[in-house]
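Computed from a prediction, not measured in an experiment: that's the story for all the values here. Quick note: residue numbers are just sequence positions, from 1.
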Amino acid sequence: MQKPNPYKPIYAVRKSTKNALKVQKATQKLSVENIDNQCLKMGFSLTVPQLSALYNYLFLLQKWNQSMNLVGKSAWEDILSELIVDSFHLAKYLNAHAYFAPANMPFGVQNEKIYSFQYYENEHNFEAWDLGAGAGLPAIPLRILWNQGRYTLVEAREKRSLFLNMACTKLGLENTFVCRDRAENFMQNKKAQLIVSRAFMPYDKMLDFVAPYLAAQQENGAIIFLTLEKINAAQFNNELFRWNTKNIYEYSVHNKKKYLCEIEKITN
């Protein structure tokens, strides 16, 4: 069941047709069928509702990108194959996770070459945060494909938080919320079982930053970094907190290696 948004709604802005021609040109070949074909080439099969939601997100990115430079890539094909693909791998990883996966995930049906996403009811009540959510990458495509727990996108910048709020509402993402605030303010008096980080801050600073608010190993807490290198978390141990790299998931995007590094907090 969809839970009510606990944060104050973000006000809307006037619609503008100033960049209508640019948007039309940028989305000329954007279609559910073309997205499906490109996803299959990358090794992923999505349901029709998932493809439709991804189409709407790509369209919104193209539209808003004309005025506020949400992402550096301009063509939707590049955004999908170079940026959104990280969300696919993260969703695949979480769908096989011992704690964060749906309870009835049928692992046996997965093809070796094509990974098929399905829709599952939200079977968990854990807290997950994306700090410095930016344009919604990896968060929004992730929530299209993996809807477990209660997921909050935290973004301090006004225009980006406005975009995130509008996108999540339009896509109807379940149990997914946007909070416009600084991360240090948002985390006060809260605790998360999962934190996702993509270039929010350097690893050592990030671990110290979230340590008081991340559930410990015994409570299945974890922070997942999307990186270009493997992380040895033990090198960031100090007198207050000890860390362990629980798992590293490796994948390639255009022949470039990327990693999902899951790190757990050993002790308080």
Thr176 side chain vs Glu174 backbone, donor-acceptor pair below 3.5 Å: yes

Within-4.5 Å side-chain heavy-atom neighbours: Lys265 and Leu207: no

From CA spacing to verdict: side-chain contact (heavy atoms from CB on, under 4.5 Å), Leu194, Leu214: CA-CA 7 Å; Leu194 174 63; Leu214 177 65; over 6 Å; no

Parallel, tilted or perpendicular: rings of Tyr251 and His89 (30°, 60°): parallel

Closest heavy-atom pair and its distance - Glu121, Asn147: C-ND2, 4.3 Å

Sub-4.5 Å side-chain heavy-atom contact between Glu262 and His97: yes

Heavy-atom side-chain proximity of Leu54 to Leu171 below 4.5 angstrom: no

Non-hydrogen atoms of Glu229 and Cys261 that approach each other most closely: O-SG, 3.9 Å

Residues, nucleotides or ligands: over 12 heavy atoms within 6.0 Å of Gln218 CD: yes

Exercise: identify the closest heavy-atom pair between Ala211 and Trp243: CB-CZ2, 3.6 Å

Heavy-atom check, side chain of Tyr151 versus side chain of Leu142, under 4.5 Å: yes

Full working for side-chain hydrogen bond (donor to acceptor under 3.5 Å, both in side chains) between Asn244 and Glu264: CA-CA 5 Å; Asn244 174 58; Glu264 57 186 357; 2.8 Å; yes

In one Ile/Leu/Val/Met/Phe/Trp/Tyr side-chain cluster, 4.5 Å: Ile248, Val196: no

Ile223 vs Val210 side-chain heavy atoms within contact, under 4.5 Å: yes

Aromatic plane relationship, Phe126 with Tyr99 - under 30° parallel, 30 to 60° tilted, over 60° perpendicular: tilted

Ring-face cation of Lys190 near Phe186 (centre distance under 6.0 Å, axis angle within 45°): yes

side-chain contact (heavy atoms from CB on, under 4.5 Å) between Lys92 and Phe44, worked out: CA-CA 10 Å; Lys92 177 182 176 181; Phe44 297 100; 4.3 Å; yes

Path from Tyr119 to Tyr55 over hydrophobic side-chain contacts below 4.5 Å: no

Derivation of the side-chain contact (heavy atoms from CB on, under 4.5 Å) call for Lys258 and Leu226: CA-CA 8 Å; Lys258 290 189 173 184; Leu226 286 76; over 6 Å; no

Euclidean distance, Lys170 NZ relative to Asn165 CG, rounded to 0.5 Å: 13.5 Å

side-chain hydrogen bond (donor to acceptor under 3.5 Å, both in side chains) assessment of Tyr213 paired with Glu127: CA-CA 11 Å; Tyr213 314 103; Glu127 288 286 334; over 6 Å; no

Sidechain-backbone polar pair: Gln188 side chain, Asn185 backbone, donor-acceptor under 3.5 Å: no

Donor-acceptor contact present, side-chain Ser52 to main-chain Val48, <3.5 Å: no

Polar contact flag, side-chain donor to acceptor under 3.5 angstrom, Tyr203-Gln235: no

Check: Ser31 side chain, Asn34 main-chain N or O, donor-acceptor pair, under 3.5 Å: yes

Validation row: Trp146, Leu90 side chains within 4.5 angstrom (heavy atoms): no

Audit row: Arg198, Asp130, salt bridge (Lys or Arg N to Asp or Glu O under 4.0 Å) steps and yes/no: CA-CA 9 Å; Arg198 181 180 191 170; Asp130 187 317; over 6 Å; no

Over all atoms of both residues, closest heavy-atom pair of Ala101 and Gln148: C-CG, 4.4 Å

From Leu164 atom CG to Leu70 atom CG, the distance as rounded to the nearest 0.5 Å: 8.0 Å

Reported OG1-to-CD1 distance for the pair Thr47 and Ile144, which is rounded to 0.5 angstrom: 10.0 Å

Value rounded to 0.5 Å, distance of CG in Asp36 from NZ in Lys41: 11.0 Å

From Glu250 atom CD to Lys230 atom NZ, the distance as rounded to the nearest 0.5 Å: 5.5 Å

Closest approach of Asn122 to His124 (non-hydrogen atoms, all atoms of both residues): OD1-O, 2.9 Å

Minimum-distance pair of heavy atoms, taken over all atoms of Pro141 and Tyr57: CG-CE2, 3.7 Å

Audit row: Asn65, Trp76, side-chain contact (heavy atoms from CB on, under 4.5 Å) steps and yes/no: CA-CA 11 Å; Asn65 209 38; Trp76 69 265; over 6 Å; no

Heavy-atom check, side chain of Phe163 versus side chain of Glu155, under 4.5 Å: no

Same apolar cluster (I L V M F W Y, side chains within < 4.5 Å links), Phe209/Leu240: yes

Option among Ile79, Asp78, Ile35 that satisfies the side-chain contact (heavy atoms from CB on, under 4.5 Å) test with Ile84: Ile79

Single-linkage hydrophobic cluster Leu83~Tyr259, side-chain heavy atoms < 4.5 angstrom: no

Distance-only polar pair, side chains of Asn247 and Tyr93, donor-acceptor under 3.5 Å: yes

From OG1 (Thr245) to CZ (Phe225), nearest 0.5 Å: 9.5 Å

Side chains of Tyr115 and Phe88 in contact at under 4.5 Å (non-hydrogen atoms): no

ILVMFWY network linking Leu131 to Met201, side-chain heavy atoms under 4.5 angstrom: yes

Test item: Thr152 side-chain N/O and Val178 main-chain N/O as donor-acceptor pair under 3.5 Å: no

